[in-house]
2 protein chains.
Amino acid sequence: MIPEPAGEPIRVMLADDEHLIRGALAALLGLEDDLRVVAEAASGSEALAMARVHRPDVAVLDLQMPGLDGVMVATSLRAELPGCRTMIVTGHGRPGHLKRALGAGVRGFVPKTVSAQRLAEIIRTVHGGSRYVDPELAADAISAGDSPLTAREAELLELAEGGAPIAEIAERASLTPGTVRNYLSAATAKLGAENRHAAARIARAQGWL
Amino acid sequence: MIPEPAGEPIRVMLADDEHLIRGALAALLGLEDDLRVVAEAASGSEALAMARVHRPDVAVLDLQMPGLDGVMVATSLRAELPGCRTMIVTGHGRPGHLKRALGAGVRGFVPKTVSAQRLAEIIRTVHGGSRYVDPELAADAISAGDSPLTAREAELLELAEGGAPIAEIAERASLTPGTVRNYLSAATAKLGAENRHAAARIARAQGWL
DNA sequence: CGGCCCTCATGACATTCGTCATCGGAAGTC
DNA sequence: GACTTCCGATGACGAATGTCATGAGGGCCG
């Protein structure tokens, strides 16, 4: 639809660490007359390098990649290539990620459950200057709301994620064990969790860490 | 390669909850002369239903799907359609999963980082009766070894995963809090972890839970 | 400037948790 | 039958943790 009569095709870059998906997607999107996949990357840093060379119109970034994740890449691209629109594709989208992505200037946020045709349409939408956010993910994000955690609380929760004892967290954060306990206690209370481990899970699920 | 001169094509079923990947893969594999994608499914239960109807030669199953996961589907298929070879495709493969998969009669185990062409070759290999396991995943599985946990220990660790307090775990398992602590203490010691939370993480990472 | 929030810390207290010893019963193996 | 392993439980003890009060310093905003 909207066959883009004879203009130049939209230059697309794909970044996804899973070769299977990236390759398949490149092939499918390449079938569309008005899209051309000009670059592929298997990691965040590679995506940045490729973008500098090939200067795509739209960068389709997987959220979870080794090294830099999709949102980080989008942040860098925004500074280096302001003309390049960015969009995020993700498997399981957590509410907080969407907010983070929008803050990074991302113009499209799509789960991997959409079809390739639908993705192609969304790429056109994004290229045209509009935004697109998957309705379900948007609803989740709205219902989730903002993070109630302060920066330190989130940081310490992150360190607590692996199940490490307080002493180790304190050491890694260069803080007193007592202080760490206070922060984690505050975070746990804010999240309504039973203990810091459950709190860390909740925060992670909300995309707040 | 090996163009399968004029025989019947290999009938393939794809099961993956991510429409984007499934569709793209179906399109790419369909390009191979000797492969025909005869069914697609977005969940484990759907995969079983489709398999009963379309009786594929090879079932390509994503490991993580809502409801039944890939290995469970493989187990059922083995009983219902002995002639159907099964293979697992996975994003991040944990050591324990491979063992579980092989136990379920799976004949191929591949990460999503392979290319579509490579996957096509592996489908042919599996259809021919051989097995294929990604070398890196195999190495991980060998170095990881068997689970040292007893059934209850693993079960309680699983309940402990969310960070729930002992009391809640005990209630859910219909056990005494003291007993729960003992089992979790034993599991934690076996895994060399600092506490049950870290132990749960380790066990999950090894695919032992 | 006076508040307000965040940061970092200390001390105290009750609770939870990890660890150990010990017990009985069930199941499987040699 | 003797041995081993697992399951389930109890009691006890020290250490780790959660919770609260309190305080000092810094930054931001009206």
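Residue numbers begin at 1 in each chain, while the letters A, B, ... track the order of the sequences.
Using a 4.0 Å cut-off between charged nitrogen and carboxylate oxygen, R36(A) and E8(A) do not count as a salt-bridge pair. Between E18(B) and R22(B), none of the side-chain N atoms (NZ, or NE/NH1/NH2) sits under 4.0 Å from a carboxylate O, so this pair counts as no salt bridge. Looking at R124(A) and D34(A), a side-chain N of the basic residue comes within less than 4.0 Å of a carboxylate O on the acidic one, giving a salt bridge. We find that R100(B) and D69(B) are joined by a salt bridge, their nearest charged nitrogen and carboxylate oxygen being less than 4.0 Å apart. Classification of R94(B) and D140(B) as a salt-bridged pair fails, no side-chain N sitting under 4.0 Å from a carboxylate O.
Side-chain nitrogen and oxygen atoms of R196(A) include at least one within less than 4.0 Å of the OP1 or OP2 phosphate oxygen of dT17(D). Taking side-chain N and O atoms only, T179(A) has no distance below 4.0 Å to OP1 or OP2 of dC8(C). Between dG8(D) and R152(B), a contact under 4.0 Å exists linking OP1 or OP2 to a side-chain N or O. One finds a side-chain N or O of T150(A) lying less than 4.0 angstrom from the OP1 or OP2 phosphate oxygen of dT7(C). Within the 4.0 Å cut-off from OP1 or OP2 of dG18(D), not a single side-chain nitrogen or oxygen of S185(A) is found. Phosphate proximity of dA9(C) to T176(A): present, with a side-chain N or O under 4.0 Å from OP1 or OP2.
Comparing dC17(C), dA9(C), dT17(D) by their closest approach to the side chain of I166(B) singles out dC17(C).
When rounded to the nearest whole Å, the span between CG of L156(A) and C1' of dT17(D) equals 15 Å. Across the protein-nucleic acid pair, L175(A) atom CG and dA9(C) atom P stand 5 Å apart, rounded to whole Å. Separating the CD atom of E155(B) from the C1' atom of dC7(D) is a distance of 11 Å, rounded to the nearest angstrom. Atom CZ in R181(B) sits roughly 16 Å away from atom P in dA16(D) (whole-Å rounding). Computed from coordinates, the Y183(A) OH to dT17(D) C1' distance equals 18 Å when rounded to whole Å. Taking atom CD1 of residue I169(B) and atom C1' of nucleotide dT16(C), one finds them 12 Å apart after rounding to whole Å. Between K190(A) atom NZ and dG18(D) atom P there is a gap of 16 Å when expressed in whole angstrom units. With rounding to whole Å, E153(B) atom CD is found 13 Å from dT19(C) atom P.
For E171(B), the CD atom counts as loosely surrounded, since its 6.0 Å shell holds 12 or fewer non-hydrogen atoms of other residues, nucleotides or ligands. Other residues, nucleotides and ligands contribute at most 12 non-hydrogen atoms within 6.0 Å of the NZ atom of K99(A).
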Protein heavy-atom contacts under 4.0 Å, written 5' to 3' over nucleotides 21-30 of chain C as B (base), S (sugar-phosphate only) or - (none), form the string B---------

